[in-house]
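This report concerns only the one structure given below.
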Amino acid sequence: MGSADETKPFILSDPLLPSAPSSAVALAAEEDEQYPPIIYNHGHRPLRDLPFLILFILLILSTFVLGIVASVRRNPNRAHASSFIYDPISSSCIPSSSTFFSTFNSLSLVSFSSSHFLRDLIWTLVITLLLALPIVFALLSLLRHFAKQVVYSSIPFFVLTPIFLNVYWFVACQIGVTCRDSFPLAYRILVLIFVFFLIAIVVWIIFSNWHRIKLTVHILRIASAALVSNMLLLGVLPCLMLGLLVYFVPIVVFLVLVTFNGSIVPREGDDGLYSCKWKQDRWVPAYFALAIITMLWSFATMLEAKVYVTSGTVAQWYFSMEGVKPRNSIRNSLRNAFGPSFGTVCFSGLVLGVVRFVRAIVDSARREDIAVGFIKLLLRCCANFLLTAFDFLNKFTINFAAITGENYCSAAKMTYELLRRNLLSAAFVETVSTRILVGLIFVISTLYAIAAFAILKAINDLGTETYYIAVLAWLLLMIVLGYFIHVLENVIDTIYICYAIDRDKAEVSKQDIHEVFVLLPLSRNHRSSLDSRTPFLA
């Protein structure tokens with residue numbers, strides 16, 4: 001057993017870390033009693049946000065119970081409604097003699113124009129899925145050990161890849177007779193110029209943020225090292241999404257079976273003759289709304305649960321001693337996420353879902369309206385302001401709740417106060433890191449799709465269908481790598497909150513992380529202090 005001093009984190013005395021202004025120090029001293037020191041809660045956590053947990057469970061139970069009732073009450077005659085005829089004697093609809101044969105006689109197997117297309121598509125997607133995991137691990141290892149080389153070598157491809165694709169489609173369309181005839185030259189030139197204009201914007205963004213690339217390199221290296229130390233997250237988090245898909249299967253089945261609830265009733269036409277029509281029960285649309293709301297809330301809740309598990313795991317790694325790996329960190333985070341803090345996760349998922357839904361409505365209304373009046377413009381500005389405020393509030397709330405076990409509202413308030421006391425920004429961590437990662441996976445996926453296209457072209461030329469296969473392979477790899485990038489972003493956000501907690505306690509749990517994150521911009525009111533900090537990064 002070591003001494004007690006060995007288990008204590010370093011006291012914040014690094015000269016590289018800027019001292020807060022005297023006003024901030026005085027403010028922090030006044031608030032010490034109101035805000036006790038923040039630490040990772042390893043102990044027992046009470047149930048939080050219980051009303052939202054109860055509401056979420058009631059919503060799920062209602063969806064499943066009503067779905068089972070709908071399955072039992074389904075009317076199998078719905079599929080043969082067109083074969084029912086009106087019986088004037090009984091004033092009802094009765095099945096005709098050919099009811100159960102007409103449907104099957106009308107069915108036929110869909111014959112595809114090319115069996116080679118399906119074969120090549122299936123094999124390409126399967127191989128892409130199998131190669132995606134090694135690509136993720138290789139990218140993670142490269143970012144950990146050679147982040148600088150990876151970032152700087154990939155930046156030219158952010159420009160060269162879209163230039164190559166833009167020129168390629170223009171030349172291919174000029175050579176192809178069908179494309180040349182259906183797409184006039186003037187329009188092709190306009191599209192070519194427009195894409196080059198977008199590429200110029202990308203170049204401008206890269207050069208305008210060039211001074212932050214060096215900092216981004218070190219942030220990516222730190223996040224990759226943290227993720228490597230908790231490698232099982234890359235296996236556990238996809239399993240959570242797989243469990244969500246399994247959970248969705250019966251709901252989708254219920255949505256199909258609920259459409260069979262109704263009856264075949266006679267309806268009088270304009271000519272006075274009666275025909276048989278399918279009449280759906282009135283409660284079916286309400287069940288659709290219930291099931292869709294349940295699925296959307298469940299999806300948002302699972303997204304927040306993933307963030308919670310990632311944050312709890314990374315926080316345990318961050319606050320552990322150097323060289324000591326925390327035990328059962330992922331299991332503890334899973335137990336907290338789906339145990340005492342599941343109400344908080346449900347609350348956060350509800351906020352996330354509502355904000356995304358309202359934002360989609362606002363964006364859709366903006367696209368559909370051509371003439372915008374002053375009142376509409378004012379309402380949209382207010383809506384965007386509120387949505388931005390909710391995003392600001394929700395950004396680090398679930399990360400903080402995973403660390404401390406607080407309820408949602410308390411975590412939101414304490415996160416805001418924590419960042420405010422330490423002059424840190426809750427709206428900005430390092431957006432350049434996200435942009436570079438997105439560009440990186442775009443380049444990797446594009447190069448993979450080009451290689452897949454070349455191989456398919458050499459083995460079995462399917463014409464234009466080869467392009468479809470390459471695009472689908474590109475899309476699948478983008479989805480898998482995008483999921484990895486999302487996890488890495490959550491790791492960066494968690495480390496940022498842990499760094500803020502360290503600053504608040506004047507301690508250093510991870511010296512190398514402090515040396516990098518201290519160079520991040522402070523809040524807008526204190527950006528001038530950036531210029532006084534001495535850069536250490538080489």
Side-chain angles (χ1 to χ4, degrees), residues 12 14-19 138-162 199-229 314 318 395 419 422-444 481 484-500 502-503 508-524 526-538:
L12 189 61
D14 195 327
L16 293 174
L17 305 184
S19 58
L139 180 59
L140 182 61
S141 178
L142 288 174
L143 288 176
R144 183 189 181 190
H145 299 288
F146 307 102
K148 182 178 181 179
Q149 291 82 349
V150 170
V151 170
Y152 282 102
S153 61
S154 63
I155 288 177
F157 288 96
F158 296 171
V159 179
L160 296 178
T161 302
I199 295 173
I201 294 177
V202 173
V203 173
W204 176 80
I205 292 175
I206 292 175
F207 277 99
S208 62
N209 292 280
W210 190 258
H211 63 285
R212 286 152 55 181
I213 299 295
K214 187 180 296 185
L215 176 60
T216 298
V217 167
H218 288 269
I219 290 177
L220 293 178
R221 176 182 55 79
I222 288 173
S224 302
L227 192 54
V228 168
S229 300
V314 173
Y318 180 93
K395 182 171 180 62
L419 298 178
N422 293 277
L423 310 180
L424 299 176
S425 171
F428 175 86
V429 178
E430 182 52 42
T431 56
V432 178
S433 303
T434 301
R435 294 169 184 169
I436 287 181
L437 288 173
V438 171
L440 187 60
I441 66 172
F442 172 79
V443 170
I444 293 174
L481 294 181
F484 162 71
I485 297 305
H486 179 67
V487 174
L488 207 58
E489 290 175 0
N490 293 333
V491 172
I492 294 174
D493 290 343
T494 304
I495 294 176
Y496 187 66
I497 286 293
C498 294
Y499 163 73
D502 263 359
R503 280 179 60 100
V508 176
S509 297
K510 291 283 189 291
Q511 180 70 26
D512 56 337
I513 293 178
H514 275 254
E515 291 174 347
V516 173
F517 275 71
V518 71
L519 298 179
L520 282 174
L522 302 180
S523 61
R524 293 180 179 179
H526 302 86
R527 291 283 174 90
S528 60
S529 61
L530 261 175
D531 300 332
S532 63
R533 288 182 284 183
T534 305
F536 77 98
L537 302 174

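Note that the numbering runs from 1 along the sequence shown for the chain.
Contact check for Phe158 versus Ile205: no side-chain heavy atoms found under the 4.5 Å cut-off. Within the 4.5 Å cutoff, side-chain heavy atoms of Gln511 are placed close to those of Val508. Residues Ile213 and Ile155 form a side-chain contact, since some pair of their non-hydrogen atoms from C-beta on lies under 4.5 Å apart. In this structure, the side chains of Phe442 and Leu481 stay at 4.5 Å or more apart for every pair of heavy atoms. Taking 4.5 Å as the limit, some side-chain heavy atom of Leu140 sits within range of a side-chain heavy atom of Ser224.
Looking only at distances, a side-chain donor or acceptor of Ser153 sits under 3.5 Å from a matching main-chain atom of Val150.
Between the CD1 atom in Ile201 and the OG atom in Ser208 there is a gap of 11.5 Å [rounded to 0.5 Å]. Distance check, rounded to the nearest 0.5 Å: CG of Leu139 to CD1 of Ile444 gives 4.5 Å. With rounding to the nearest 0.5 angstrom, the CD1 atom of Ile485 is 11.5 Å from the CG atom of Asn490. A distance of 9.5 Å separates NE2 in His514 from SG in Cys498, rounded to the nearest 0.5 Å.
A side chain to side chain contact (heavy atoms under 4.5 Å, CB included) with Thr216 holds for exactly one of Leu437, Ile436, Val151; it is Ile436.
Residues Ser154 and Leu440 approach most closely at CB-CD1, 3.5 Å, considering heavy atoms. Looking at every heavy atom in both residues, Arg221 comes nearest to Arg144 through CG-O, 3.5 Å. The two residues Lys510 and Asp502 come nearest to each other via the heavy atoms N-OD2, 4.3 Å. Counting all heavy atoms, side chain and backbone alike, Ile495 lies closest to Ala226 at CD1-CB, 4.0 Å. Contact detail for Ala223 and Val491: the closest heavy-atom pair is O-CG1, 3.8 Å. Among all heavy-atom pairs drawn from Leu488 and Leu143, the shortest one is CD2-CD1, 4.2 Å.
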What verdict does the side-chain contact (heavy atoms from CB on, under 4.5 Å) test give for Phe484 and Leu227, after you've listed the backbone C-alpha separation in whole Å, the side-chain angles of each residue and the deciding distance to 0.1 Å?
CA-CA 10 Å; Phe484 162 71; Leu227 192 54; 3.8 Å; yes
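The aromatic rings of Phe517 and Tyr499 sit tilted relative to each other, their planes meeting at an angle between 30° and 60°.
Environment of OH in Tyr152: crowded, with over 12 heavy atoms of neighbouring residues, nucleotides or ligands closer than 6.0 Å.
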